[in-house]
Every structure is written in structure tokens, then in C-alpha cells.
Colleague: 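Handing you a structure now.
All residue numbers refer to positions in the sequence shown, counting from 1.
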Amino acid sequence: MIEKTYPITENLLINGLNATQKLLELLHSEAENLLQSKDAQALTHIAAYKKEVVVQLEQFADQLGQVLATEQLLANHTGMNDYLSKAQAAGINIGNSRVNWANLTALSKKCRMLNEQNGACIELLSRHTQRALQILRGNSALSSTYGPDGSTRSELFSKTLISV
């Protein structure tokens with residue numbers, strides 16, 4: 001059976017690797033835009049493209065999972081390694097696929113790390129923006145701090161700039 005599924009898997013890995021590379025490029029673009037405080041519309045476009053690539057990657061994962069299921073393997077990293085070993089044992093040259101799988105998993109880790117960094121940057125920018133809006137609107141913000149006994153307490157930040 002693996003002789004029939006392997007050509008499909010080989011193409012899936014190439015497509016998955018290409019999509020993962022595209023996602024990494026988009027995440028780098030997003031990071032650059034966030035650091036340079038470039039135009040928000042560019043970030044919106046990047047987010048839309050990222051969403052499209054993520055849909056492609058979800059389809060890749062589903063299709064790869066189906067192939068692995070036909071070989072009675074788990075749809076995870078170990079299952080894919082077992083699949084490649086099984087193909088190699090059947091006499092199939094898996095050299096390119098093993099390299100593509102290794103590259104895909106390495107790029108996926110980079111994507112995850114960069115996405116988390118970008119998310120933290122967006123969260124920080126959002127908090128700063130919200131705080132600035134609170135100050136301008138005259139809303140007082142509370143700060144949660146720890147007291148000497150370790151219990152939390154809330155204190156007023158600073159005075160507002162404008163009161164209406």
C-alpha cells in the first residue's frame with residue numbers, strides 16, 4: 001500500500017514545505033512592520049495572507065493525516081518518521097522526502113517562535129494604546145500590585161491629562 005501513497009506524500013511534503021516557507025516570510029514581514037511601526041494597513045494585508053497560508057497548511061495536515069491513517073500510523077511527528085522508515089524498508093528512495101520533512105519541521109518551529117514574538121509585540125502595543133486612550137479620555141486605570149504579605153491590591157495609576 002505504501003507504494004501507492006508515497007508519491008502523494010512526496011507531493012504533500014513539497015507543498016507543505018512551500019507553504020511553511022511562505023508563512024515564515026510573512027511572519028518576518030509582520031515582525032519588521034511591528035518593529036518599525038509601519039502602516040497598519042500593511043499589517044492587515046499580512047494578516048490576511050497569513051490566514052490564507054494557514055488554511056493551506058491545515059489542508060496539508062489533514063491530507064497528510066489521511067495518508068498516515070491509511071498506513072495505520074498516528075498523524076504526528078513520530079507517525080511521519082515511521083511512515084518514512086516504512087517506505088525506506090519497502091525499497092523506496094526517501095532521501096528528498098526525509099530532507100523536506102526535516103526542513104518543514106525546522107521551519108515550523110521557527111514560525112511558532114516568531115509568531116509568539118509577534119503576538120507578544122502586538123499585545124504590548126495594544127496595552128500601550130489602551131493606556132494612552134484611558135489617559136486622554138480621563139479614565140483612571142488601576143494597577144494590580146503585590147503587598148508585603150503577597151496579596152494583590154489595586155492602586156490608581158497617575159492623574160489623567162484631560163478631564164471632560
Colleague: Give me each pair satisfying salt bridge (charged side-chain N to carboxylate O under 4.0 Å, His left out) with a member in residues 3-14, each pair once, sequence neighbours excluded.
Modeller: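 Those involving residues 3-14 do not exist here.
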Colleague: For the atom pair CD1 (Ile122) and CZ (Arg127), what is the distance rounded to the nearest 0.5 Å?
Modeller: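 The distance works out to 13.0 Å.
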Colleague: Which heavy atom of Val53 sits nearest a heavy atom of Ala19, and at what distance?
Modeller: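 Looking at all heavy atoms of both residues, the shortest contact is CG1-O, 3.2 Å.
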Colleague: Would you check if Tyr83 and Thr5 make a side-chain contact, meaning some heavy-atom pair closer than 4.5 Å?
Modeller: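 The answer is yes; the side chains approach within 4.5 Å.
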Colleague: What distance separates Asn76 CG from Leu64 CG, expressed to the nearest 0.5 Å?
Modeller: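 Going from CG on Asn76 over to CG on Leu64, the span is 10.0 Å.
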Colleague: Check for me, please, whether Val55 and Tyr49 land in the same ILVMFWY cluster - side-chain distances under 4.5 Å, paths through other members count.
Modeller: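 Different clusters.
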Colleague: Using 0.5 Å steps for rounding, measure from the CD1 atom of Ile8 to the CG atom of Leu13.
Modeller: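 Here the rounded value is 12.0 Å.
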Colleague: If every non-hydrogen atom of Gly65 is compared with every non-hydrogen atom of Ala75, which pair is closest and at what distance?
Modeller: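 Taking every non-hydrogen atom into account, CA-CB, 3.8 Å.
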Colleague: Should the heavy atoms of other residues, nucleotides or ligands under 6.0 Å from CG of Asn96 be counted, would the total exceed 12?
Modeller: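 Incorrect, the count does not exceed 12.
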Colleague: Got a second to check how far Asp82's CG is from His77's NE2, nearest 0.5 Å?
Modeller: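 These two atoms lie 10.0 Å from each other.
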Colleague: Report the residues that fulfil side-chain contact (heavy atoms from CB on, under 4.5 Å) with Ala31, sequence neighbours left out, ordered by chain and then residue number.
Modeller: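 Once residues adjacent in sequence are excluded, the partners of Ala31 under the side-chain contact (heavy atoms from CB on, under 4.5 Å) criterion are Leu114, Asn118.
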Colleague: Check the surroundings of atom NZ in Lys86: do more than 12 heavy atoms from other residues, nucleotides or ligands lie under 6.0 Å from it?
Modeller: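 Check passes, neighbour count above 12.
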Colleague: State yes or no: do Leu74 and Ile2 share one hydrophobic cluster built from I, L, V, M, F, W and Y residues joined by side-chain heavy-atom distances below 4.5 Å, directly or via other members?
Modeller: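 No, it is not one cluster - the side chains of Leu74 and Ile2 are not joined through contacts under 4.5 Å.
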Colleague: Give me the atom names and distance for the closest heavy-atom approach of Cys121 to Leu34.
Modeller: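 In terms of heavy atoms, the two residues are closest at SG-CB, 3.9 Å.
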Colleague: Same cluster or not: are Leu12 and Val54 linked, directly or through other Ile, Leu, Val, Met, Phe, Trp or Tyr residues, by side-chain heavy atoms under 4.5 angstrom apart?
Modeller: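 Result: yes, single cluster for both.
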Colleague: Please determine whether residues Leu24 and Leu43 belong to a single hydrophobic cluster, defined as Ile, Leu, Val, Met, Phe, Trp and Tyr linked transitively by side-chain heavy-atom distances below 4.5 Å.
Modeller: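 Different clusters: Leu24 never reaches Leu43 through Ile, Leu, Val, Met, Phe, Trp or Tyr contacts under 4.5 Å.
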Colleague: Say you draw a straight line from CD of Glu32 to CD1 of Ile46; how long is it, rounded to the nearest 0.5 Å?
Modeller: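 Atom-to-atom, Glu32:CD and Ile46:CD1 are 8.5 Å apart.
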Colleague: Between Ile94 and Trp101, is any pair of side-chain heavy atoms under 4.5 Å apart?
Modeller: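 Heavy-atom side-chain distance check fails, nothing below 4.5 Å.
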Colleague: Closest heavy-atom contact between Leu104 and Gly16?
Modeller: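 Where Leu104 meets Gly16 most closely, the heavy atoms are CD1-C, 3.4 Å.
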Colleague: Taking Glu116 first and then Arg112, would you say they form a salt bridge - that is, a charged N and a carboxylate O separated by under 4.0 Å?
Modeller: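 No, no charged N to carboxylate O under 4.0 Å.
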Colleague: Pair Arg98, Ser85 - check side chain to side chain contact (heavy atoms under 4.5 Å, CB included), show working.
Modeller: CA-CA 9 Å; Arg98 189 160 308 273; Ser85 295; 3.8 Å; yes
Colleague: Is there side-chain contact between Thr20 and Phe60, with heavy atoms separated by less than 4.5 Å?
Modeller: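 No - every pair of side-chain heavy atoms lies 4.5 Å or more apart.
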Colleague: Name all pairs fulfilling the side chain to side chain donor-acceptor pair (under 3.5 Å) condition that reach into residues 50-65, sequence neighbours left out, sorted by first residue then second.
Modeller: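 Sorted pair list: Glu30-Lys50.
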Colleague: Show the nearest heavy-atom pair for residues Asn33 and Ala42, with the distance to one decimal.
Modeller: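 Looking at all heavy atoms of both residues, the shortest contact is OD1-CB, 3.8 Å.
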Colleague: Can you find a heavy atom in the side chain of Met80 that is under 4.5 Å from one in the side chain of Thr9?
Modeller: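 They are in side-chain contact.
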Colleague: Any chance the side chains of Tyr6 and Ser97 put a donor and an acceptor closer than 3.5 Å?
Modeller: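 Indeed, the side chains of Tyr6 and Ser97 share at least one donor-acceptor pair under 3.5 Å.
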Colleague: Hey, quick one: are Met113 and Leu107 part of the same hydrophobic cluster, counting side-chain heavy atoms closer than 4.5 Å, chains of contacts allowed?
Modeller: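 No: no chain of side-chain contacts under 4.5 Å links Met113 to Leu107.
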Colleague: Looking only at non-hydrogen atoms, find the nearest pair between Gly79 and Leu68 and report the distance.
Modeller: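 In this case the closest contact between Gly79 and Leu68 is O-CD2, 3.7 Å.
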